[in-house]
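Because only heavy atoms are used, hydrogens play no part in the values below, and waters and symmetry mates are left out as well, while side chains stay in.
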Amino acid sequence: MRLLFLIGLLLAQQPDSVQIQEKLDSTVLMSERHSSMLEIRPAMPISVNTDLLRRIPSITGTPDPIRFVKLLPGVETGSELDAGLHILGTENSHSLVSVDGVPIYGSTHILGLFSTFISSHFEGMNFYPFSSGANRIGGAVDMQLPGRVPGKFRGQLSASLFEAEGTLDIPTGRNSALFVSARRSYINLLYGSFLRLDVFSFKYGFTDGNITWYWEPGKNDRFWADFMMGGDNIDFQSSRGGYSLKFDWMNYKGSVHHRHKWDWGELRQRLYYSHLDLAFDFNHDIYDMYVPSVFGTAGYSATISAGRWEGEARVEWHHSRPQQTQVRNKDLSQMAADESQSALEASAKVQYTLPITPSLELSASLKGIWWHSADGANYPALIPQLRLVWDARHAGKFELLGGMERQNLFQTGVSSIGLPIEFWYLSGKDLEPQGSYHASASWGRNFLSDRYSVSVSAFYRHLTGQLDYSGTLLDYLDPDYTTSKYLLHGFGRNFGLCLTLHKQAGDFTGWVNYTLARSLRTFDGVTYPSGHERIHEFNAVGNYSRGRWDFGGIFVLASGTPYTAAESFYMTGGTLVAEMSPRNYYRLKPYMRLDLSVSYYFHRQPDGRGNGLTVALYNALGYKNVMFLMPKKVNEKHGFSYGPMTLYIRWLPSISYFHKF
């Protein structure tokens with residue numbers, strides 16, 4: 001019924017009062033002003049207006065770009081404790097999250113509730129569901145840095161029950177400006193007694209900062225210097241005593257960008273370094289365990305476009321120190337071997353776009369990659385890709401895309417939801433690169449004076465060189481522990497269908513999308529679904545904006561994710577042993593969530609300035625979503641069982657004040 005009601009509301013909306021009129025000879029074409037925060041164009045990346053994200057509900061009452069992306073077609077919904085970004089069935093590490101082309105590692109804070117991006121700092125966001133052209137085998141999310149000098153000092157400030165954040169746009173001259181953003185949480189202040197995950201209570205806090213200097217020395221040149229950082233920590237305490245957990249997370253990125261325009265083309269250059277630090281600290285009555293890991297990339301890239309031609313060159317140096325376990329107890333202290341890695345990656349790409357007819361266009365690209373690791377491995381590759389676009393005018397626009405991708409970076413570990421017990425690994429003599437052979441077909445068109453759009457896409461991706469981690473936290477206690485002992489090698493397949501209906505103009509805007517997808521992995525001859533697979537997913541997003549009021553709603557219904565269960569436990573020699581089910585044989589119950597919000601502006605101007613309050617209710621239905629399952633000790637008679645882990649809070653209300661000046 002919710003689906004029928006929302007579709008009916010979408011179709012029932014009357015034209016907006018603001019229209020764009022074009023007169024061609026004696027024919028008058030009418031189309032409404034695009035007022036949606038989302039722009040879905042066939043054969044193009046999905047463009048998001050980050051200024052309008054406040055119109056829909058969020059868990060803190062303030063907008064978050066990465067959580068918003070998970071509402072887009074083809075992107076899997078993550079649970080409240082899932083920091084992964086899974087696009088068209090790929091793994092989190094297959095997706096590139098970047099700021100103006102510079103990779104960001106650890107783009108989401110530990111629990112997955114917040115990303116490290118302060119949305120008011122950025123000019124926009126582009127989403128590439130199929131292929132971004134980067135050295136990744138999945139899709140991409142690219143945040144856009146501010147690209148103009150503000151006419152005067154301005155800013156945005158907001159404060160909620162969870163955190164406070166602000167952005168200041170400061171002109172530093174006629175042709176330069178400084179953009180400064182900061183955010184700090186204080187969740188424990190008001191919600192400390194409610195922060196519980198089953199038998200665990202926890203304390204959680206995070207900090208983010210971003211500073212960008214922008215300079216226009218002339219009409220043809222633009223320069224940016226950008227620095228961003230994020231950090232958080234979380235402490236779990238068991239109500240039954242005996243042990244505690246602590247997660248630490250920190251990332252930072254520094255970059256310099258230059259853009260130069262000629263009459264015949266454009267050059268964009270980037271020099272950057274991006275870094276991620278993770279640590280897991282487990283304290284037990286018998287022993288303590290500390291597991292740190294580090295990953296970073298330094299690089300330079302240049303992109304030049306001239307007419308139908310485009311070329312890109314990129315050189316990157318990667319370094320990684322996967323989990324180096326340190327175990328301490330009253331009798332001994334041991335440290336696993338240092339498995340630090342480094343590698344040099346160079347790539348060059350050329351692309352040509354050929355108009356075959358006025359309505360038919362073919363783009364062809366060829367990319368060469370060379371990878372050299374510190375252990376002496378060399379992996380060269382040629383990566384072709386073809387894209388055919390047919391603009392059938394009133395019948396819509398069609399796109400066919402096919403090609404290959406290559407990736408030399410891996411991420412794996414005990415979890416797959418973005419916890420610090422995951423780590424990055426590099427291709428080398430014992431680990432060949434992963435690859436993708438992919439094909440997709442899509443169609444889309446606008447209708448009813450461009451007030452609506454509809455799109456359909458189908459995709460298939462064959463993955464090679466896939467990696468899975470078969471170990472558990474208990475394996476870290478092995479004195480001879482090495483990461484390679486627990487790595488499984490295999491391949492995978494992703495395929496599916498995405499349908500989207502978008503209301504993109506008028507007082508009411510929004511979209512509904514449905515995705516049917518499979519994400520299968522084969523290791524040691526056994527095929528099973530990936531741990532993040534959601535076969536069915538339905539998302540509905542709506543916003544009604546009128547006068548001083550904004551009303552927003554989000555409804556999500558998705559299949560449960562697979563998991564491997566411990567079917568029985570027993571003790572031997574003082575050690576707990578689990579008899580496991582076939583891998584990912586069981587599934588959690590379906591995930592469902594309804595979020596609602598209402599914003600009232602005390603003062604609202606046409607250019608978006610103003611101030612007001614937002615009241616939001618996260619999980620308004622109070623549905624008890626299961627995050628994951630884990631062993632629980634019931635009692636001495638019945639021993640251990642496998643039980644669900646759920647958040648203590650089922651409804652999460654929030655109120656926030658915002659001011660844009």
Novice: Side chains of Arg534 and Ser559: do they bring a donor and an acceptor to under 3.5 Å?
Specialist: no
Novice: Using salt bridge (Lys or Arg N to Asp or Glu O under 4.0 Å), reason through Glu399 and Arg387 one step at a time and then give a plain yes or no.
Specialist: CA-CA 7 Å; Glu399 180 196 48; Arg387 177 170 168 265; 2.8 Å; yes
Novice: Students often mix this up, so state it plainly: with edges at 30° and 60°, are the rings of Phe179 and His121 parallel, tilted or perpendicular?
Specialist: perpendicular
Novice: Would Trp224 and Tyr272 count as a ring-ring contact (aromatic ring centres under 6.0 Å, His included) if you check the C-alpha gap in whole Å, the side-chain angles of each, and the deciding distance to 0.1 Å?
Specialist: CA-CA 12 Å; Trp224 293 261; Tyr272 53 89; over 10 Å; no
Novice: Compute whether any side-chain donor of one residue and acceptor of the other, for His94 and Gln434, lie under 3.5 angstrom apart.
Specialist: yes
Novice: Considering only NZ, NE, NH1 and NH2 on the basic side and carboxylate oxygens on the acidic side, decide whether Glu123 and Arg148 come within less than 4.0 Å.
Specialist: yes
Novice: Can you confirm whether Gln269 sits close enough to Tyr300 that some side-chain heavy atom of one is under 4.5 Å from a side-chain heavy atom of the other?
Specialist: yes
Novice: Keeping Arg222 on the side-chain end and Gly218 on the backbone end, is there a donor-acceptor pair under 3.5 Å?
Specialist: yes
Novice: In this structure, are over 12 heavy atoms from other groups packed under 6.0 Å from Arg493 atom CZ?
Specialist: no
Novice: For the residue pair Phe114 and Phe206, is the inter-centroid distance of their aromatic rings smaller than 6.0 Å?
Specialist: yes
Novice: With a 4.0 Å cut-off on N to O distance, would you call Asp221 and Lys261 a salt bridge?
Specialist: no
Novice: Determine, stepwise, if the pair Trp424 / Phe410 fulfils ring-ring contact (aromatic ring centres under 6.0 Å, His included).
Specialist: CA-CA 6 Å; Trp424 288 86; Phe410 298 81; 9.4 Å; no
Novice: Should the ring pair His462 and Tyr460 be called parallel, tilted or perpendicular, given that the plane angle runs from 0 to 90° and is split at 30 and 60?
Specialist: parallel
Novice: Does the pair Arg461/Glu405 count as a salt bridge with the N-to-O cut at 4.0 Å?
Specialist: no
Novice: So, for Phe117 and Phe122, is the gap between ring centers shorter than 6.0 Å?
Specialist: yes
Novice: Under the side-chain contact (heavy atoms from CB on, under 4.5 Å) criterion, do His319 and Val294 qualify, and how do the steps go?
Specialist: CA-CA 8 Å; His319 68 97; Val294 175; 4.1 Å; yes
Novice: Tyr528 and Leu520: side-chain contact (heavy atoms from CB on, under 4.5 Å), yes or no, with the steps?
Specialist: CA-CA 6 Å; Tyr528 49 82; Leu520 303 176; over 6 Å; no
Novice: Answer yes if the ring centres of Phe538 and Tyr514 are under 6.0 angstrom apart, and no otherwise.
Specialist: no
Novice: Show the numbers, then the answer: is there a side chain to side chain donor-acceptor pair (under 3.5 Å) between Tyr379 and Glu432?
Specialist: CA-CA 8 Å; Tyr379 294 113; Glu432 294 185 355; 5.0 Å; no
Novice: For atom OH of Tyr437, is the number of surrounding heavy atoms from other residues, nucleotides or ligands below 6.0 Å larger than 12?
Specialist: no
Novice: Angle class for the His502/Trp511 ring planes (parallel below 30°, perpendicular above 60°, tilted otherwise)?
Specialist: perpendicular
Novice: Under 4.0 Å between a Lys/Arg side-chain N and an Asp/Glu carboxylate O for Arg521 and Glu91?
Specialist: yes
